[in-house]
Protein chains: 2
Amino acid sequence: MSAAGDRPLRADARRNRARVLDAADEIFATKGVGASTEEVAKRAGVGVGTVFRHFPTKEALLEAVLVARFGRLAEEARGLVGADDAGAAFFGFLAAVVDQSASKNAFAGALAQAGVDVEAALGRAGAELWEALGVLLTRAQAAGAVRPDAQVDQVVAVLVGASRAADYAPSAVPLILDGLRPR
Amino acid sequence: MSAAGDRPLRADARRNRARVLDAADEIFATKGVGASTEEVAKRAGVGVGTVFRHFPTKEALLEAVLVARFGRLAEEARGLVGADDAGAAFFGFLAAVVDQSASKNAFAGALAQAGVDVEAALGRAGAELWEALGVLLTRAQAAGAVRPDAQVDQVVAVLVGASRAADYAPSAVPLILDGLRPR
DNA sequence: TGACATCCGGAGTCGCCGCTCCGTATCGTT
DNA sequence: AACGATACGGAGCGGCGACTCCGGATGTCA
């Protein structure tokens, strides 16, 4: 991935690319991944052609949106690594993720269904999030705020589940996260 | 819903209806709700026309599949109400649901997105499940196996979340359900 | 067994959506 | 300013999938 020999984009091109990405995030989150590319284009104020030039496939667009989200999340996690209260940092981050990601599951699901290896597609973005989350987890465990047998991938699964559950009964989220606390 | 004046179906019609329902459950669970109606028809060994005669819309078909699943679940829950160990009965049921419903969320999601009031569409089936689950919950709480502040709708949300999480890391499911135990 | 209501199959219709193509506009450089 | 390189817009194409329609088959009842 990420070809090496691409010259810098023209200014308008870079601006449009960003607009499309934002629009896609918003539209897909709102109307679901079934929303048409044309709708994304309209929202971004560009033509369909432009969308497809930057993201050769709808699938690629979905992927890019996911990667962007993961990047933002990873950054947020890294910012929390130095916090005083490791337990609060960990659970605070989880809550933030759940809050921000109402529909991320749908994305990953759609990609997986399309035969994309989500793990691989996410690449660096996924690895970074994973790593930052791991640090947060380890520190919280050391502080006695999280059960010691919890693994990073379990935490991720809990996160995904909690996001989904939030759609049905937001009050269930803290209850689910309690499953991570020591008994 | 459920018109009153419909005469009994002809034998072959009833048989085909059941076949379609089974096929739909299987196909949608396997390939996702995006699977085509024709695929369902093929799986059921009937023509598309037959599918649409019994379920005038794809959405209606989805709905019917969901209702059938809920019905089965409710029956299972009712069978557990008289169990000796209320806590085991409760958690056993939850585990069974998670196990059986890998993709039920996707269904409900698809319906919700289609503008259907899932709650209303489920009707009796939903109410019955809800009620049986409530009994199970109350009894488990009385036995001290479940935290007393948990509500039925929270349990449902946990269930949905756990089902989703199971796709990512099955080992996270017991961890999530632990959130329902008293501290 | 005959006659009729009911049901079936699946080719065909219609609309939607991902994607392409190219004439035109904008950018960047000299 | 002027010219090549780059990017844009959006009409149009191809295909797919939900849904319809009707001639023929099958169940049902006397």
Side-chain angles (χ1 to χ4, degrees), chain A residues 3 5-25 27-28 30-66 106-107 110-111 113-116 121, chain B residues 3 5-28 30-66 106-107 110-111 113-116:
Chain A
D6 25 42
R7 297 174 298 82
L9 292 172
R10 233 169 61 178
D12 54 345
R14 198 167 45 250
R15 191 178 56 238
N16 279 334
R17 200 193 129 93
R19 280 189 188 168
V20 169
L21 213 45
D22 282 356
D25 193 327
I27 292 289
F28 290 145
T30 305
K31 321 233 176 175
V33 292
S36 69
T37 310
E38 191 173 342
E39 197 166 356
V40 172
K42 202 171 302 173
R43 180 76 165 128
V46 304
V48 253
T50 299
V51 175
F52 281 100
R53 194 168 322 102
H54 287 294
F55 308 95
T57 261
K58 184 181 182 179
E59 188 178 292
L61 178 56
L62 247 11
E63 211 176 287
V65 170
L66 244 197
F107 280 58
L111 283 176
Q113 206 128 47
V116 176
Chain B
D6 25 40
R7 296 173 298 84
L9 291 171
R10 235 169 61 177
D12 55 344
R14 196 167 45 249
R15 189 178 56 237
N16 279 335
R17 201 194 128 94
R19 280 189 187 169
V20 169
L21 213 44
D22 283 355
D25 193 327
E26 196 171 326
I27 292 289
F28 290 144
T30 305
K31 320 233 175 173
V33 294
S36 69
T37 310
E38 190 172 344
E39 197 166 356
V40 172
K42 203 172 301 173
R43 181 76 165 127
V46 303
V48 253
T50 301
V51 174
F52 281 100
R53 195 169 320 103
H54 288 294
F55 308 95
T57 263
K58 185 182 183 180
E59 188 179 292
L61 178 56
L62 247 12
E63 211 176 288
V65 170
L66 243 198
F107 279 58
L111 284 177
Q113 207 129 47
V116 176

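All values reported here derive from a predicted model rather than from experimental measurement. Per chain, numbering begins at 1; letters A, B, ... match sequence-line order.
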* **Residues which pass side-chain contact (heavy atoms from CB on, under 4.5 Å) with A/Glu39, listed by chain and number, not counting sequence neighbours** =>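 With neighbours one apart ignored, the set is A/Ile27, A/Lys31, A/Ala35, A/Ser36.
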* Asked: Hey, which of these two, B/Glu38 or A/Arg17, hits DNA chain D nearer its 5' end, going by closest nucleotide?
  ->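 It is A/Arg17, whose closest nucleotide lies nearer the 5' terminus.
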* Length of the line joining B/Arg19:CZ and C/dC8:C1', which is rounded to integer Å ->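 For the pair B/Arg19 CZ and C/dC8 C1', the rounded distance is 13 Å.
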* To do: Take the protein atom NZ of A/Lys58 and the nucleotide atom P of C/dC16, then report the distance between them rounded to whole Å.
  =>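 So the two atoms are 15 Å apart, to the nearest Å.
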* Asked: Mind checking whether A/Asp12 and A/Arg15 have side chains closer than 4.5 Å, heavy atoms only?
  ->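 A side-chain contact under 4.5 Å exists here.
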* To do: May I ask you to test the B/Leu62-B/Phe55 pair for a side-chain heavy-atom distance under 4.5 Å?
  =>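 Contact flag for B/Leu62/B/Phe55 side chains = no.
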* Structure fact -> The correct set of residues in residues 47-54 of chain A placing a heavy atom under 4.0 Å from DNA chain D is A/Gly47, A/Val48, A/Gly49, A/Thr50, A/Arg53, A/His54
Might you list the N or O atoms of the protein lying below 3.5 Å from N or O atoms in nucleotides 27-30 of chain D, with each pair's distance?
from   : atom 1 : to      : atom 2 : distance (Å)
D/dG27 : O4'    : B/Arg10 : NE     : 3.4
D/dT28 : OP1    : B/Ala11 : N      : 3.2

* Secondary-structure stems, DNA chain D, at least 3 Watson-Crick or G-U base pairs under 3.5 Å -> C:1-30 with D:1-30
* To do: Measure from the side-chain heavy atoms of B/Thr57 and tell me the nearest of D/dT6, C/dC19, D/dC19.
  =>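 Of the candidates, D/dC19 comes closest.
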* **Contacts of type salt bridge (Lys or Arg N to Asp or Glu O under 4.0 Å), residue A/Arg43, not counting sequence neighbours** => A/Glu26
* Does B/Asp22 have any side chain to side chain donor-acceptor pair (under 3.5 Å) partners at least two apart in sequence or in another chain, and if so, which? -> none
